[in-house]
Amino acid sequence: MKKIISALALAIMVSCQSNNPFLTEWDTPYGIPPFDKISEEHYIPAIEAGIKQQNSEIQAITDCPDEPTFRNTVVPFDCSGSILDRVSGVLFAVSESDANPELNDIVDRAMPMIVEHQSSIFMNEKLYERVKAVYESDQSGLTREEQMILKDLYESFEENGIGLDEAGRERLKQINSELSSLALDFGNNLLDQSNAFKAEFGFSVANYYDRMASEPDRALREKIFRGYSLRGNNGDDKDNKANILRTMALRIEKARLLGYETPAAQILHDKMAGDPETVDAFLSGIMDAAMVRAREELRDMQEFMDRDIAEGIVPEGSRIEPWDYMYYAEKVRKARYALDEAEVMEYFQMENVRKGVFASATRLYGVTFEPITGVALYNDEAEAFKVVDSDGSLVGVIITDYYPRDSKRAGAWMTNFVNQCEGVRPVIVNVGNFNKPTQDTPSLLTIDQVETMFHEFGHALHGLLSRCKYKYLSGTNVKRDFVELPSQINENWAFQPEVLASYAFHYKTGEVIPAELVEKVVAASNFNQGFTTGELCAASILDMKWHELSSVEGIDVEEFENSVCEQMGLVSEIIPRYRSTYFNHIFGSSGYSAGYYSYLWAEVLDKDAFELFLQKGIYDPQTAMSFRRNILEMGGTEEPMTLYRNFRGADPDATALLRARGLK
């Protein structure tokens, strides 16, 4: 009986493998993953097969008897791992936007396998010796892109511990594996807490700011604030504080193993900023300017609260608290600019805003967007579009997935299902958590949500327009403090009067947004910058201070955060955009660890760059094509500042950010 069962299990396994869509190239329209053929049972076998395939490909490189060259070492390395690329591209994208318990379990199993595999590659001495030989040879015959991938590959070995002894390498593997598990746990805890918040209050955390600006019940506002700001910090089994301390202890140990005093020093040494001291000084100047404005905002808001005190709406002696900030800021905004966001939202129907985002890219870069029908996607709410260049060639595919659901983490992001490289066009997704349609109205977006759609589409353009030969450098594979330039500069078009006229139509009447309402939106664009800039800068500083630690011994998460906020001069009425226990950017992954500052860093670049568009015309074809050729198409094929200078013709003006935010 056991033999019969074993034979049956083997037959099922073989059948599953033969039908596994990850194991062969996809013969699908435009290279879109065959979501209708992908089942959860396919992921782990495909990962195992992908690891086996890439190990074989790496061994073929190391077994090559010929002298190491770029062609026989770096090129085959960049081409390796096709199965793993396919399965991981789908698995991790879908697990963030359409998860379920089974898929979460698969990710929990898959992540340590992939981390272990990647660690083994960059601790492969034979492969390293070949890469090193090429790196130390005459590079004059290589293109600049080839020099950059060689440099990045060589430094990746150094950063992944190739110089350590056997015990050190083994320990680093263990650290990386545990860090990946901790990141998954942090994200899963946060998703659970965010869903609990929605269950208690009846709306998503994505709508927190809008609700706080409109909720007149002060006691309820306080309850909402505490529910939001205490996510991951409730002392239950979803509490993230122990996770944070363990994560930081491991990151500190990792930095020390690699020869650095702190994780921040390790992470920043090859970024544009270069070192923690540069970032700290950069953020300090912004925080000082933001808090000057925040104190002015608080005085203005207190006047409105005092009126409510006089009318008996709030108790005598009340002062603005964190749960009052957005509510009374909205009162000031309405009084100062006569701007009612509910009225403005009626002109921001999601489908129209998306058309505006597309139309703006068409005028700037010559690309057009055509709906793709009859293709299965990972969720029925997602929509796909073919992107075509002005010469009729395929640029790639963009999938949009804009509505919240319990299976999707909070926030908005861009990621790749398929990465661009020579001969391969990308498949990219923009994910958001915008207002869903109701029985009575279509999806109507807030001003912030409109800006977010333009922002994430800027990331998509970076991936779509990439023209790199090697996948290792393509698209958004650039230094972390440069990656936000394409996204943030794209925000600048969102509320230009000329652009609004192309997409802002009343959802009932079809009337274009009136000029006087546009003027109010533009006039109010720099309103409340003390809060907006302050909470963003505070999160950036909090991130840095965590990663500037050399030990977590004796640290209490809440006390540490409160101390950092006090030292940075953050007024008590504002909290960081992300408190530690729900700071998914830095603890749910390592993507923005000691790197959340990059939003503000890149904003210096984007505001300085957009000033050139304002001088030449926001759709000036020569300026737009220069930005496309020098930034969007280049990926990581050149040093970021060189790319920027090639576009701008000069170094960025550091005060551009403060000017743009009205803080200077």
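Please read these numbers as outputs of a predicted model, since none were measured by experiment.
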For Lys132 and Glu125, run salt bridge (Lys or Arg N to Asp or Glu O under 4.0 Å): C-alpha distance rounded to whole Å, both residues' side-chain angles, the deciding distance at 0.1 Å, then the answer.
-> CA-CA 10 Å; Lys132 183 181 179 183; Glu125 287 191 15; over 6 Å; no
Begin with the C-alpha distance, continue with both residues' side-chain angles, and end with the deciding distance and a verdict on ring-ring contact (aromatic ring centres under 6.0 Å, His included) for Trp601 and Phe282.
-> CA-CA 8 Å; Trp601 185 274; Phe282 169 71; 5.2 Å; yes
Steps toward side chain to side chain donor-acceptor pair (under 3.5 Å) verdict (Ser390, Tyr365) | CA-CA 8 Å; Ser390 56; Tyr365 309 117; over 6 Å; no
Stepwise, does the ring-ring contact (aromatic ring centres under 6.0 Å, His included) test hold for Phe385 with Phe457?
-> CA-CA 13 Å; Phe385 299 83; Phe457 190 71; 9.7 Å; no
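Between the side chains of Ser80 and Gln54, at least one donor N or O lies within less than 3.5 Å of an accepting N or O. Defined by atom type and a distance below 3.5 Å, a donor-acceptor pair is missing between the side-chain atoms of Lys471 and Asn477.
At a threshold of 4.5 Å between non-hydrogen side-chain atoms, the residues Asp36 and Pro34 count as touching. The shortest side-chain heavy-atom distance between Asp606 and Leu485 falls under the 4.5 Å cut-off. Side-chain contact check for Pro652 versus Met641: some heavy-atom pair is nearer than 4.5 Å. At a threshold of 4.5 Å between non-hydrogen side-chain atoms, the residues Arg628 and Leu465 count as touching. Using a 4.5 Å cut-off on side-chain heavy atoms (C-beta onward), Arg363 and Glu498 make contact. Using a 4.5 Å heavy-atom threshold, the side chains of Glu48 and Met113 count as touching. Two residues are said to be in side-chain contact when any heavy atoms from C-beta on lie closer than 4.5 Å; Val427 and Pro33 meet this criterion.
For the side-chain hydrogen bond (donor to acceptor under 3.5 Å, both in side chains) criterion with Glu351, the lone passing option out of Lys355, Gln349, Arg354 is Gln349.
The aromatic rings of Phe647 and Phe627 stand perpendicular to each other, their planes meeting at an angle above 60°, with 30° marking the opposite boundary. Under the 30°/60° scheme for interplanar angles, the aromatic rings of Phe613 and Trp493 are found to stand perpendicular.
Using modelled atom types, no side-chain atom of Glu456 and backbone atom of Val431 make a donor-acceptor pair closer than 3.5 Å.
Using a cut-off of 4.0 Å between Lys/Arg side-chain N and Asp/Glu carboxylate O, Glu381 and Lys408 are scored as not salt-bridged. A salt bridge between Asp98 and Arg405 is present, with a side-chain N of the basic residue lying under 4.0 Å from a carboxylate O of the acidic one. Taking 4.0 Å as the cut-off between side-chain N and carboxylate O, Glu159 and Lys254 do not count as a salt-bridged pair.
Within a 6.0 Å sphere centred on CZ of Arg109, heavy atoms belonging to other residues, nucleotides or ligands number 12 at most. Open room surrounds CG on Asp380; 12 or fewer heavy atoms of other groups in view lie less than 6.0 Å from it. Applying the 6.0 Å contact sphere to CG of Asp27 captures no more than 12 heavy atoms from other residues, nucleotides or ligands. Within a 6.0 Å radius of CD in Glu102, more than 12 heavy atoms belonging to other residues, nucleotides or ligands are found.
The ring of Phe157 has its center no closer than 6.0 angstrom to the ring center of Tyr154. Ring centroids of Phe583 and Tyr592 are separated by 6.0 Å or more, keeping the two rings apart.
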